[in-house]
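First up is the structure itself, then whatever we jot down about it.
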Protein chains: 2
Amino acid sequence: MNNVQEESPRDQKKNRRRLQILEIARGIIAAKGLRSLKVRDVAEAAGCSVGSVYNEFGDFDGVILTVNRETVQALTDRLRGVSDEDPVRQLYGLAETYLEFFSEHANLLRSLFEHRMEDDRPYPDDILQMVMDAFALMHPPLVRLLPDADDVKIALLSRTLFSAVHGIISLGLEERMVAVPPQLLRQQVEQFLDAHLVGLGILPRR
Amino acid sequence: MNNVQEESPRDQKKNRRRLQILEIARGIIAAKGLRSLKVRDVAEAAGCSVGSVYNEFGDFDGVILTVNRETVQALTDRLRGVSDEDPVRQLYGLAETYLEFFSEHANLLRSLFEHRMEDDRPYPDDILQMVMDAFALMHPPLVRLLPDADDVKIALLSRTLFSAVHGIISLGLEERMVAVPPQLLRQQVEQFLDAHLVGLGILPRR
DNA sequence: CTTGAAAATGAACAATGTTCAAGAAGAATC
DNA sequence: GATTCTTCTTGAACATTGTTCATTTTCAAG
């Protein structure tokens, strides 16, 4: 049985344009923020009609959500690239990588965390799951470092720790708030982890 | 010299309506989120024309920003009410009070942290300052607990700690993400503080 | 080539923020 | 109290932007 679908020229064109629309939307969000994203701008830049955008994504939220989905995917890929050789280093690496990624793609991350659906439509489950999975990446190193602890507790701890790091970074990079210089922020995150890992008994008191 | 401006009947009416508009806007944001706030709804509920809303607040962002200003003011008031008798208890109290306030006014807090201005207009400085001041409320108890530490470092630590707590709470209450049960979240925040204060040498290792 | 299905189009519509000329209301002056 | 001046209020009109859909175009299959 051959499951490989041949891609007709028509589908190729369709896919090419789908990617193009996403690329353009991502570019606008990254450059000028989610609030500056307009259907007509995207359609014009992609050389198609607004109807085609709707045809491809259902509604405008569909475009945003697809960009967000790809953002969290890219984030996860980056976080998975952190070396797991030494579990302590891995924790620092995850936090620092998150900081790097957030610095490089601040507006995309904000779109991911701040976008609200119209009315009371639910946020897509798969994206939420992907975010939770990303935040669970501290789980394996924590398990290694706290072998006697309950696995459920570690899962909770992983989310808590990553959420804390997220708070420090997202507010630290918020240029609206008194902006923290990047180098200082990195140091801030490190010292935060220092203290916390000492508190968890993972690192010795200095 | 008498600096007290008599309030003319006209001003009274104006002020009454200003307050009414804010009350209505706050109610809508709190109940259905910032994205559901519409000028016409506010004007109709306040029994005036849309023009009057603009006359009073300049533009629609003006309404939102005023609500946000009052939100952070209310938050600060609540946080200032935390007892400063015991500095350790004060830190826990600040975190728990923040959790309480966030639970009760989740949509208002989200409006404060997530609202972006049109184009590239800057977010009002006074609001940013108020948020930073609120986050600095951990400073005094930390100074008492770490009398030998550099004051600038403590200021940074205060912001970091509060930002971390903010991250844990805002993501924990995010019903979009896998919602954490309130009681569990409270425990989560407490355990987070436990570990961190141990790490800072403020609490003894248990 | 014909034909039927799928996609693309863009004008029209709908929702919503914004402006402003005209009128109403109130204060100031006599 | 009448007149005049200032200020506020109004809401229709406009501007922007998301959404729909009847029509046209495209193109693969027969």
Side-chain angles (χ1 to χ4, degrees), chain A residues 4-22 24-25 27-29 31-68 111 114-121, chain B residues 5-22 24-25 28-29 31-68 111 114-121:
Chain A
V4 178
Q5 274 296 335
E6 271 306 319
E7 195 180 48
S8 68
R10 175 174 267 180
D11 289 344
Q12 277 184 34
K13 191 179 164 192
K14 196 170 146 76
N15 278 335
R16 204 171 25 240
R17 183 151 73 192
R18 182 185 170 87
L19 294 182
Q20 195 188 7
I21 289 173
L22 288 175
I24 289 163
I28 293 174
I29 295 176
K32 304 195 297 175
L34 183 56
R35 212 180 154 173
S36 297
L37 188 68
K38 305 289 151 72
V39 217
R40 283 171 179 74
D41 291 348
V42 173
E44 193 183 5
C48 69
S49 67
V50 294
S52 293
V53 178
Y54 278 80
N55 196 42
E56 187 62 38
F57 292 96
D59 61 8
F60 205 48
D61 268 356
V63 181
I64 298 167
L65 291 175
T66 306
V67 170
N68 286 351
S111 168
E114 295 174 4
H115 178 59
R116 305 278 154 187
M117 306 289 283
E118 191 75 58
D119 304 316
D120 292 325
R121 290 194 328 202
Chain B
Q5 275 294 339
E6 271 308 316
E7 194 179 49
S8 68
R10 173 175 267 180
D11 289 345
Q12 277 183 35
K13 190 180 167 192
K14 197 169 146 74
N15 279 336
R16 204 169 26 237
R17 184 153 73 195
R18 182 185 171 88
L19 294 182
Q20 195 187 7
I21 290 173
L22 288 175
I24 290 162
I28 293 174
I29 296 176
K32 304 195 298 176
L34 183 56
R35 213 179 154 175
S36 297
L37 189 67
K38 305 291 151 70
V39 218
R40 283 172 179 74
D41 292 348
V42 173
E44 192 183 6
C48 69
S49 66
V50 294
S52 291
V53 177
Y54 276 80
N55 195 45
E56 187 62 38
F57 292 95
D59 60 9
F60 205 47
D61 269 356
V63 181
I64 297 167
L65 292 174
T66 306
V67 170
N68 285 352
S111 168
E114 295 174 6
H115 179 59
R116 306 276 155 189
M117 306 288 284
E118 192 74 57
D119 303 316
D120 293 324
R121 292 196 329 206

Looking at [X], does any N or O in its side chain come under 4.0 Å of the phosphate oxygens OP1/OP2 on [N]?
X     : N      : result
A/N55 : C/dA7  : no
B/S49 : D/dG11 : no
B/R17 : D/dT9  : yes

Could you check how far [atom1] of [X] sits from [atom2] of [N], rounded to whole Å?
X     : N      : atom1 : atom2 : value
A/L34 : D/dG18 : CG    : P     : 10 Å
A/L37 : D/dG18 : CG    : P     : 8 Å
A/F57 : D/dT20 : CZ    : C1'   : 18 Å
B/F60 : D/dT16 : CZ    : C1'   : 16 Å
A/L65 : D/dG18 : CG    : C1'   : 15 Å
A/E44 : C/dG10 : CD    : P     : 12 Å
B/N15 : D/dC8  : CG    : P     : 12 Å

Of the nucleotides [options], which one has an atom closest to the side chain of [X]?
X     : options                : answer
A/V50 : C/dG10, D/dG18, D/dA12 : C/dG10
B/K14 : C/dT18, D/dC8, D/dT19  : D/dC8
B/K38 : C/dG17, D/dC8, C/dG10  : C/dG17

For DNA chain C, whose closest nucleotide is more 5', that of A/S52 or that of A/R40?
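Of the two residues, A/S52 wins.
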If you pin B/G51 and A/E118 to their nearest nucleotides in DNA chain C, which one's is more 5'?
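Per heavy-atom nearest nucleotide, the more 5' residue is A/E118.
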How many angstroms lie between atom CD of A/E118 and atom CG of A/D61, to the nearest 0.5 angstrom?
7.0 Å
To the nearest 0.5 Å, tell me how far B/N68 CG sits from B/E114 CD.
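B/N68 atom CG to B/E114 atom CD measures 10.5 Å (nearest 0.5 Å).
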Provide the closest heavy-atom pair for A/R17 versus A/S52 in the form atom of the first, atom of the second, distance.
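A/R17 and A/S52 have their closest heavy atoms at NH2-OG, 3.4 Å.
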Of all heavy-atom pairs linking A/V53 and A/C48, the shortest is CG2-SG, 4.4 Å
Decide, yes or no, whether a salt bridge links A/K32 with A/D41 under the criterion of side-chain N to carboxylate O below 4.0 Å.
no
